[in-house]
Amino acid sequence: MTELTVALGNRSYPIHIGAGLLGDARYLTPHIAGRQVMLVTDETVAPLYLRRALASLSDFDCAQVVLADGEQFKNLDTVERVFEALLTHRFNRTATLVALGGGVIGDITGFAAACYQRGVPFIQIPTTLLAQVDSSVGGKTGVNHALGKNMIGAFHQPRCVIADTTTLDTLDDRQLRAGIAEVIKYGLISDPDFFAWLEQHMHELLARRPEALAYAIERSCRNKAEVVAADELETGRRALLNLGHTFGHAIETGTGYGTWLHGEAVAAGMCMAAELSAQLGWISAADVTRTEALMLAAGLPARPPTNLSRDRFLELMAIDKKVLDGRLRLVLLKGIGRAVVTDDFDSSVLHRVLDAASGGSATHAARS
Ligand code: NAD
Ligand code: GLY
């Protein structure tokens with residue numbers, strides 16, 4: 001078992017990573033202050049892990065809400081279902097919400113916790129690779145709007161994160177690969193040695209070798225915890241964690257939520273960011289090749305869908321949260337392991353990259 005800390009003063013919290021942590025009350029119960037616990041999960045995760053999670057909560061007044069599964073349900077209607085469950089059970093301000101599931105459940109539950117009675121505590125028990133390496137850590141919560149991804153939300157830090165690596169045994173291969181995209185992201189942003197490690201060990205991750213997975217989760221969480229501790233509210237450096245996301249969110253919204261998985265869209269987005277960086281003369285063609293090769297080795301798309309035109313991309317990208325005073329800012333690369341946030345690029349080069357993308361053929365077509 002590894003324990004990391006997200007250092008945020010008196011709101012600091014632990015990330016526990018290890019095999020078999022789910023159902024072990026020692027990790028969970030110290031972070032529950034009151035008696036009332038609302039466990040939030042989805043209809044896929046519930047039959048797999050709800051009973052085990054409830055077993056560790058037997059000393060509490062515990063209720064649960066099982067939500068529909070899918071990115072297309074990450075919206076305000078679903079948050080309303082959580083509020084209804086909380087009110088029906090007359091849960092008060094001492095209640096704690098527990099998110100058991102992937103990033104969708106974590107984002108919805110955290111947002112419900114941020115809003116319910118102006119804020120109650122919550123705990124993350126992530127069960128996808130993506131959630132264990134990224135979404136459960138850092139306190140970004142929220143839901144999608146039909147016009148833009150993650151547009152309604154709040155910063156609300158969990159009280160702890162419990163990542164039981166054995167829950168990944170039941171995750172399907174496509175979801176595992178989507179999680180690997182966010183793992184690769186840390187290497188590209190600021191950890192070139194980790195990127196090189198991934199080039200050497202990708203086959204072990206895909207084969208679900210426990211030591212390789214545990215190492216990748218721990219290193220990813222270390223990277224994320226450090227950035228969040230330095231810039232919790234994304235006034236600067238945290239924006240780097242959005243590498244590939246401005247393109248990726250446009251792909252997710254443009255193709256319809258749930259068609260491309262978040263990780264798949266981010267993978268293609270990171271390759272687009274690399275291509276744009278190369279065309280601006282900031283990185284070499286060899287760096288683009290390395291980036292694309294690692295995505296493809298992970299079974300991830302290196303190209304966006306061909307049915308999004310340049311204009312549609314630009315329209316969707318204009319809604320990005322990094323847009324400031326109408327000016328698009330992007331996370332781009334100055335090298336592998338050296339990402340920057342910038343609005344200092346020639347938009348005609350961006351247009352060229354988008355034109356090539358919408359005309360180019362997908363090297364790996366994401367399943368719809
Ligand atoms: P997800 O939550 O939709 O989970 C993927 C699928 O796996 C779902 O069908 C789920 O039911 C199933 N599942 C979950 N755990 C399982 C298990 N152990 N075994 C079998 N099936 C399991 O998707 P995700 O990739 O975990 O998360 C994507 C979401 O996370 C997106 O909405 C994205 O915007 C968000 N996100 C948020 C942050 C953040 O900082 N808050 C960061 C990255 C991504
Ligand atoms: N996933 C981006 C962030 O947490 O900031």
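Counting starts at 1 for both ligands and their atoms, following the listed order.
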Protein N/O near ligand 2 N/O, under 3.5 Å, which pairs?
unit_1	atom_1	unit_2	atom_2	d
ligand 2	1 (N)	Asp134	OD1	3.2
ligand 2	4 (O)	Lys224	NZ	2.5
ligand 2	4 (O)	Arg238	NH2	2.8
ligand 2	5 (O)	Lys140	NZ	2.9
ligand 2	5 (O)	Arg238	NE	2.7
ligand 2	5 (O)	Arg238	NH2	3.4

Testing Ile15, Leu4, Val6, Ile123 for side chain to side chain contact (heavy atoms under 4.5 Å, CB included) with Val161, which one passes? Ile15
For Gln117 and Asn92, does a side-chain donor sit closer than 3.5 Å to a side-chain acceptor? no
Considering only heavy atoms, which protein residues lie less than 4.0 Å from any atom of ligand 1? Asp42, Thr44, Val45, Leu48, Tyr49, Asp69, Glu71, Lys74, Gly102, Gly103, Val104, Asp107, Thr127, Thr128, Leu130, Asp134, Ser135, Lys140, Lys149, Asn150, Thr167, Thr170, Leu171, Gln175, Glu182, Lys224, His262
Within residues 112-166 or reaching into it, pairs that qualify as ring pair (Phe, Tyr, Trp, His ring centres under 6.0 Å) - sequence neighbours excluded: Phe122-His156
Can Glu234 and Lys140 be counted as an ion pair, charged N to O under 4.0 angstrom? yes
Is it the case that more than 12 heavy atoms not belonging to Arg219 sit under 6.0 Å from its CZ atom? yes
Take a 6.0 Å sphere around CG of Asp344 and say whether it holds more than 12 heavy atoms from other residues, nucleotides or ligands. no
Ignoring hydrogens and geometry beyond distance, is a side-chain donor-acceptor pair present between Asp69 and Thr44 at under 3.5 Å? yes
Listed once per pair and sorted, the ring pair (Phe, Tyr, Trp, His ring centres under 6.0 Å) pairs that draw on residues 202-254, sequence neighbours left out: Trp197-Tyr215, His245-His249, His245-His262, His249-His262
Side-chain heavy atoms under 4.5 angstrom apart, residues restricted to Ile, Leu, Val, Met, Phe, Trp, Tyr: same cluster for Leu300 and Leu333? yes
